[in-house]
Asker: 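Please see the structure below; I have some questions.
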Amino acid sequence: MRRREFLSTTLAVAAAGWGPRSARASNGLVEILIDEPIGTIAPELQGHFTEHIGEVVYNGIWVGENSTIPNVGGIRKALVDRMRQLHAPVIRWPGGCFADSYNWRDGVGPRTARPVRTNFWDNDPQLCQAPDGPQKYDPNTFGTAEFMRFCQLCGAQPYVAANVRSLTPHDFDEWVEYCNSPAGSTTLAQLRAGDGSRDPFNVHYWGIGNESWGCGGDFRPEEYAVEFRRFTSWVPDYGQKLGFIGSGPGAEASDPQVSWTRGFLESLVGRSAHLFDRLYGFSIHYYCGTTGKGDSLEYTADEWYEMLGQADVMDRLVAQHWMAMGDYDKERKAKLVVDEWGAWHRTTPLGPAYLFNYVPSLRDALVTALTLDIFNRHAEKLAMCNVAQLVNNINTLFLTMDDRFVATTVFHVFDMYKSHQGGRSLRVVCDAPEISYGAGKRLWGIAGSASMHGNSLVVTVVNPHASEPRVADIALRGGEAKSAQVTVLTAPDIHAHNDFDHPESVAPKTEPASVSGASLTWTFPPASVTKLEIEMA
Ligand code: AHR
């Protein structure tokens with residue numbers, strides 16, 4: 001049956017379906033092709049990113065052992081608890097641009113003896129106005145062992161970014177040695193033991209620089225390929241397979257920067273096709289933002305759609321860079337990594353030392369949801385994705401100030417989408433009238449992703465319409481539903497957000513849904529993210 005025919009005949013079936021049925025005729029379809037698996041959704045697609053920038057590390061993560069703020073060995077306890085709730089799979093550190101200025105040796109050994117260094121972001125015009133503090137002059141209290149401890153507490157894997165711009169491959173080798181050499185084996189292993197960890201950290205993911213086309217060294221792609229080869233050549237692995245991640249372009253909606261990807265890979269393969277064995281992943285960055293960076297909480301309906309449309313560009317960026325990779329990496333040894341992504345609005349800081357900080361809203365929740373759906377739909381191409389950043393920065397999951405801590409709208413989407421982790425991504429075909437906005441612009445009317453976990457199906461759906469519900473038929477091709485529960489994240493106002501004074505303004509609601517058969521009808525509220533967890537018959 002063709003899709004349009006299905007739409008016109010399905011209402012009779014839907015009358016026996018589940019959920020809050022609507023008197024309106026359905027004008028949307030979410031078709032889940034259970035027999036068309038795409039690939040496993042690596043839990044790492046829901047990864048995180050932390051940088052020594054503004055109030056991310058100091059205040060956000062690290063409050064110090066003597067703080068009155070509840071902490072675990074100096075690490076903010078409320079953050080750890082929420083990260084455990086998310087099943088946070090991986091955390092990237094120490095940057096970002098900061099990574100290519102960082103000497104890891106500054107952050108090891110007794111904390112009181114560590115040097116104080118000028119932070120990479122010190123010249124930021126906003127930070128210049130802030131009083132002196134760890135955001136400007138980094139005391140290195142939070143170093144490698146503290147980051148590893150944070151990861152362990154969260155149950156996440158570490159992903160460490162090396163300094164390619166201002167340190168050498170030898171320094172990199174020794175950082176690997178500090179992290180991974182066996183207990184008691186080397187001087188650096190002993191230093192690590194003194195920092196509280198006799199056992200190796202067994203770090204698998206290593207980023208070879210960050211944004212090497214910019215703050216990471218102003219390289220041309222072919223120059224960076226030489227650095228990548230040097231940094232990954234004969235690195236001692238101590239029995240721990242090392243997953244090197246090459247630094248790729250900062251993609252833009254108007255220019256995906258595929259030429260960087262091609263330039264780098266051509267240089268790599270030009271030396272030897274075997275070098276793809278060294279490339280675990282190749283990273284791109286993509287931030288979406290309204291023209292001129294608009295306010296995070298004040299926007300028109302058109303600006304709402306504009307932002308969602310910009311976020312949707314991720315879909316073609318992943319496809320374009322993956323296609324380019326395939327021209328060189330014939331055996332598909334390397335996967336794509338999106339290790340910085342998110343909506344980036346105008347800074348509206350909680351204080352002068354907070355960089356690139358604002359309060360995310362329901363709009364950012366939808367940006368996050370539709371992006372995670374895109375990642376799920378490209379599960380076979382992607383090894384890892386890291387939202388920028390975890391706390392107090394850009395597309396943040398949390399805001400902190402002293403002892404105050406709030407989970408943003410973005411957190412709730414991650415919490416909903418954790419059910420996809422490790423599942424088998426299924427092909428989903430969505431169909432609904434497009435939304436027109438601005439001067440002749442268009443956005444799809446409904447989109448989502450699905451994954452199978454044994455006998456359980458997880459479906460997530462975004463209705464981007466700012467004011468209208470979408471009544472859609474959900475067609476399970478190749479299976480039937482037995483029972484379900486539904487979780488919905490939305491709010492009456494598209495500007496809704498959580499902040500310190502209103503921590504629960506936007507929160508998901510879960511309830512059971514009665515289910516029968518393979519064809520169901522659901523009303524997706526305006527401006528919403530919906531998750532259906534379906535037990536199959
Ligand atoms: O996430 C903030 C900054 O954005 C990172 O340091 C850099 O990699 C990117 O340009």
Side-chain angles (χ1 to χ4, degrees), residues 47-61 90-102 117-127 135-136 138 142 147 159-166 205-219 224 227 245-253 255-257 260 281-289 293 296 310-311 314 317 337-350 353-358 360 364 367-368 371 384-399 408 410:
H48 301 281
F49 168 36
T50 56
E51 176 172 4
H52 289 241
I53 179 173
E55 305 257 358
V56 175
V57 168
Y58 298 106
N59 170 11
I61 303 171
V90 63
I91 307 171
R92 180 177 183 239
W93 173 86
C97 291
F98 175 85
D100 280 287
S101 71
Y102 182 58
R117 303 280 188 213
T118 306
N119 183 284
F120 170 87
W121 295 99
D122 175 53
N123 284 333
D124 181 275
Q126 185 192 316
L127 202 53
Q135 295 77 14
K136 287 167 91 162
D138 194 322
F142 191 86
F147 171 66
Y159 167 21
V160 177
N163 179 344
V164 170
R165 176 171 61 80
S166 52
Y205 296 120
W206 292 92
I208 307 304
N210 168 77
E211 298 197 345
S212 303
W213 44 270
C215 60
D218 288 321
F219 292 112
Y224 171 68
E227 298 302 320
I245 294 164
S247 166
E252 291 163 22
D255 182 357
Q257 303 277 350
W260 172 279
F282 177 73
S283 95
I284 60 170
H285 292 175
Y286 176 61
Y287 290 99
C288 58
K293 287 208 170 87
S296 75
Q310 293 256 324
M314 182 69 86
L317 293 178
V337 166
V338 184
D339 54 16
E340 288 184 31
W341 67 269
W344 195 331
H345 307 290
R346 184 191 305 146
T347 296
T348 321
L350 293 171
Y354 290 72
L355 290 193
F356 311 147
N357 161 253
Y358 51 80
D364 302 297
V367 163
T368 302
T371 305
M384 188 190 330
C385 304
N386 309 75
V387 63
Q389 297 195 14
L390 179 65
V391 51
N392 293 329
N393 185 279
I394 315 182
N395 205 62
T396 191
L397 281 81
F398 307 104
L399 296 169
T408 69
V410 173

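Every number for a ligand or one of its atoms is a count from 1 in the order of the listing. Just so it is clear, the model here is predicted, and its values are computed rather than measured. Quick note: residue numbers are just sequence positions, from 1.
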Asker: Just jot down the ligand 1 atoms closer than 4.0 angstrom to any heavy atom of N210, in number order.
Answerer: 8 (O)
Asker: In Å, rounded to the nearest 0.5 Å, how long is the span from CD of E340 to SG of C97?
Answerer: 7.5 Å
Asker: Would F120 count as a contact residue for ligand 1, given that I'm defining contact as a non-hydrogen atom of the residue lying under 4.0 Å from a ligand atom?
Answerer: no
Asker: How far is atom 7 (C) of ligand 1 from its nearest protein heavy atom, and which residue and atom name does that atom have?
Answerer: E340 OE1, 3.3 Å
Asker: In terms of the angle between their ring planes, are H52 and F142 parallel, tilted or perpendicular, with boundaries placed at 30° and 60°?
Answerer: tilted
Asker: I'd like to check whether W121 has a polar contact with ligand 1, where a contact means an N/O of the residue lying under 3.5 Å from an N/O of the ligand.
Answerer: no
Asker: Is S247 reaching over with its side chain to a backbone N or O of I208, donor-acceptor style, under 3.5 angstrom?
Answerer: no
Asker: Could you pull out, from F356, F98, Y287, the option with a heavy atom nearest to atom 1 (O) of ligand 1?
Answerer: Y287
Asker: Going by the order shown, which atoms of ligand 1 are within less than 4.0 Å of some heavy atom of F49?
Answerer: 1 (O)
Asker: Angle between ring planes, Y224 versus F219, binned at 30° and 60°: parallel, tilted or perpendicular?
Answerer: tilted
Asker: Near W344, which atoms of ligand 1 are under 4.0 Å from a heavy atom of that residue?
Answerer: 4 (O)
Asker: So Y287 and H285, would you call those rings parallel, tilted or perpendicular, with 30° and 60° as cut-offs?
Answerer: perpendicular
Asker: Which of the atoms of ligand 1 are close to C97, meaning less than 4.0 Å from one of its heavy atoms?
Answerer: 5 (C), 6 (O), 7 (C), 8 (O)
Asker: For atom 6 (O) of ligand 1, what is the nearest protein heavy atom, given as residue, atom name and distance?
Answerer: E51 OE1, 2.7 Å
Asker: Taking the side chain as everything from C-beta on, heavy atoms only, tell me whether F120 gets closer than 4.5 Å to D100.
Answerer: no
Asker: Would you mind running through ligand 1 and noting each atom that sits below 4.0 Å from a heavy atom of I394?
Answerer: 1 (O), 2 (C)
Asker: Any side-chain heavy atom of V387 sitting closer than 4.5 Å to one from W341?
Answerer: yes
Asker: What residue and heavy atom of the protein are closest to atom 2 (C) of ligand 1, and at what distance?
Answerer: Q389 NE2, 3.6 Å
Asker: Can the ring centroids of F282 and W260 be said to lie less than 6.0 angstrom from one another?
Answerer: no
Asker: N/O to N/O below 3.5 Å, does that happen between E211 and ligand 1?
Answerer: yes
